[in-house]
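Ligands are counted one by one from 1 in listed order, and the atoms in each one are counted from 1 as well.
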Amino acid sequence: MKYGADLGYALKNINLTINPGEKIGIVGRTGAGKSSLAKVLFRLVHENTSGSILIDGQDISEFGVGDYRPRLGMIPQESTMLDGSIRHNLDPLNQFDIEQMWASLIKCNMAKSLSRKIIVLDEATANVDLETDKMVQELIRKEFSDCTVLTIAHRLETIMKSDRIIVMDKGTIAEIGTPEELLAKDGMFAQLVKTSDFGQ
Ligand SMILES: Nc1ncnc2c1ncn2[C@@H]1O[C@H](COP(=O)(O)OP(=O)(O)OP(=O)(O)O)[C@@H](O)[C@H]1O
């Protein structure tokens with residue numbers, strides 16, 4: 001997949017099977033292709049693409065808009081919703097702390113997304129503190145236990161309890177496996193863990 005005919009590949013040689021109900025964490029450095037993966041899944045990029053994506057055996061290029069609704073849901077980055085005037089509108093008397101506000105927002109989004117089989121979280125908890133992130137991830141595991149969940153995250157703690165982790169690099173899948181497998185492999189994921197402030 002390219003964003004333009006004369007641009008380089010944003011995604012290439014992606015060959016991946018995700019099982020129903022799996023919780024997948026997606027990590028990688030800036031520009032590695034994480035969001036592009038979500039974009040092709042939602043068919044937000046049409047041109048300059050090749051290959052196919054099947055959901056329940058059906059090629060998504062054959063999906064009509066109505067086919068997407070029961071299948072795919074997105075929880076985007078919510079932090080901006082909690083800033084400034086929007087936050088004031090939601091909580092004019094300033095009665096709730098940021099954690100309570102966040103829990104309400106994600107629950108509200110979950111209610112919308114719950115009927116979906118596949119949920120994508122694109123940096124949904126990028127700007128919350130570690131404790132709130134943990135609370136949100138637990139909420140997600142509980143509420144979406146039957147769904148396939150793809151979680152794109154910069155912060156490694158967010159995805160450490162995933163069934164499998166995909167490490168993206170330069171538009172390809174550099175590593176894929178359980179967190180334990182990837183740590184034991186001592187490759188790119190292990191390096192990311194070592195160089196982040198993970199565990200501190
Ligand atoms: N709309 C666009 N037009 C042109 N190139 C783009 C566009 N969006 C992304 N790219 C390029 O595609 C590549 C993959 O970007 P992508 O946003 O998927 O990476 P990412 O891993 O999600 O990065 P980040 O962690 O910064 O969100 C990068 O080289 C990026 O510059």
Side-chain angles (χ1 to χ4, degrees), residues 1-18 22-55 60-61 68 72-83 102 105-106 109 113 116 118-130 132-134 136-137 140 148-179 182-183 185 187-199:
M1 185 275 267
K2 294 176 176 183
Y3 283 97
D6 45 4
L7 295 176
Y9 285 100
L11 293 176
K12 58 192 173 209
N13 301 330
I14 305 284
N15 188 1
L16 173 67
T17 302
I18 295 174
E22 250 193 312
K23 308 292 178 275
I24 302 280
I26 303 174
V27 295
R29 299 190 190 285
T30 295
K34 305 180 293 296
S35 297
S36 298
L37 211 51
K39 282 183 197 164
V40 291
L41 192 57
F42 283 85
R43 284 186 59 203
L44 296 174
V45 186
H46 297 277
E47 292 168 359
N48 305 300
T49 59
S50 62
S52 53
I53 299 176
L54 306 184
I55 298 180
I60 64 164
S61 65
Y68 264 91
L72 282 153
M74 165 78 91
I75 299 183
Q77 211 174 97
E78 297 287 2
S79 55
T80 46
M81 301 238 335
L82 296 177
D83 289 336
W102 224 93
L105 270 176
I106 199 135
N109 229 320
S113 299
R116 314 293 207 263
I118 303 170
I119 311 294
V120 178
L121 290 103
D122 193 353
E123 300 283 5
T125 52
N127 294 313
V128 301
D129 62 63
L130 210 54
T132 310
D133 193 3
K134 271 188 197 156
V136 171
Q137 298 310 323
I140 286 164
T148 305
V149 182
L150 310 184
T151 304
I152 297 171
H154 268 111
R155 188 189 270 158
L156 296 176
E157 286 94 330
T158 309
I159 49 84
M160 281 310 274
K161 288 190 179 167
S162 305
D163 297 324
R164 283 190 296 164
I165 291 170
I166 293 172
V167 184
M168 295 292 298
D169 185 41
K170 301 186 188 84
T172 65
I173 295 176
E175 292 179 359
I176 180 164
T178 65
L182 295 189
L183 285 172
K185 194 174 165 194
M188 195 172 272
F189 181 70
Q191 275 305 316
L192 282 174
V193 171
K194 276 180 204 156
T195 54
S196 74
D197 57 1
F198 182 73

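Short contacts between ligand 1 and R29, defined as distances under 4.0 Å to a heavy atom of the residue, involve ligand atoms 21 (O). Close contacts of ligand 1 with S36, meaning ligand atoms under 4.0 Å from a residue heavy atom, involve 14 (C), 15 (O), 16 (P), 18 (O).
Atom 25 (O) of ligand 1 has K34 NZ, 2.8 Å as its closest protein atom, hydrogens excluded (heavy atom only). The single protein non-hydrogen atom nearest to atom 17 (O) of ligand 1 is S35 CB, 3.9 Å, given as residue, atom name and distance. In this structure, atom 26 (O) of ligand 1 lies nearest to the protein heavy atom T30 CG2, 3.0 Å. Closest to atom 4 (C) of ligand 1, if we only count protein heavy atoms, is Y3 CB, 3.3 Å.
Annotation: side chain of I166 is in contact with side chain of I24 (closest heavy-atom distance under 4.5 Å). The shortest distance between side-chain heavy atoms of K185 and E175 falls below 4.5 Å. Under the 4.5 Å side-chain criterion, counting only non-hydrogen atoms from C-beta, F189 is not in contact with K194.
D133 has a carboxylate O that lies under 4.0 Å from a charged side-chain N of R155, or vice versa, which qualifies the two as a salt bridge. Salt-bridge annotation for R164 and E22: present, with a side-chain N of the basic residue lying under 4.0 Å from a carboxylate O of the acidic one.
Distance alone, capped at 3.5 Å, places no donor-acceptor pair between the E157 side chain and the K134 backbone.
Atom NZ of residue K170 and atom NZ of residue K12 lie 8.5 Å apart, to the nearest 0.5 angstrom.
Contact annotation: for H154 versus ligand 1, heavy atoms closer than 4.0 Å belong to the side chain alone.
When the side chain to side chain donor-acceptor pair (under 3.5 Å) test is applied to Y9, no partner is found at least two apart in sequence or on another chain. Taking the side chain to side chain donor-acceptor pair (under 3.5 Å) definition, one finds that T151 meets it with nothing, sequence neighbours left out.
Protein heavy atoms are found inside the 4.0 Å sphere centred on atom 23 (O) of ligand 1. There is no protein heavy atom closer than 4.0 angstrom to atom 30 (C) of ligand 1.
Residue contacts with ligand 1 do not include G28, since none of its heavy atoms lies under 4.0 Å from the ligand.
Distances between N or O atoms of G33 and those of ligand 1 include at least one value under 3.5 Å. At least one N or O atom of A32, backbone or side chain, sits closer than 3.5 Å to an N or O atom of ligand 1. Residue-to-ligand polar distances place G31 within reach of ligand 1: an N/O pair is separated by less than 3.5 Å.
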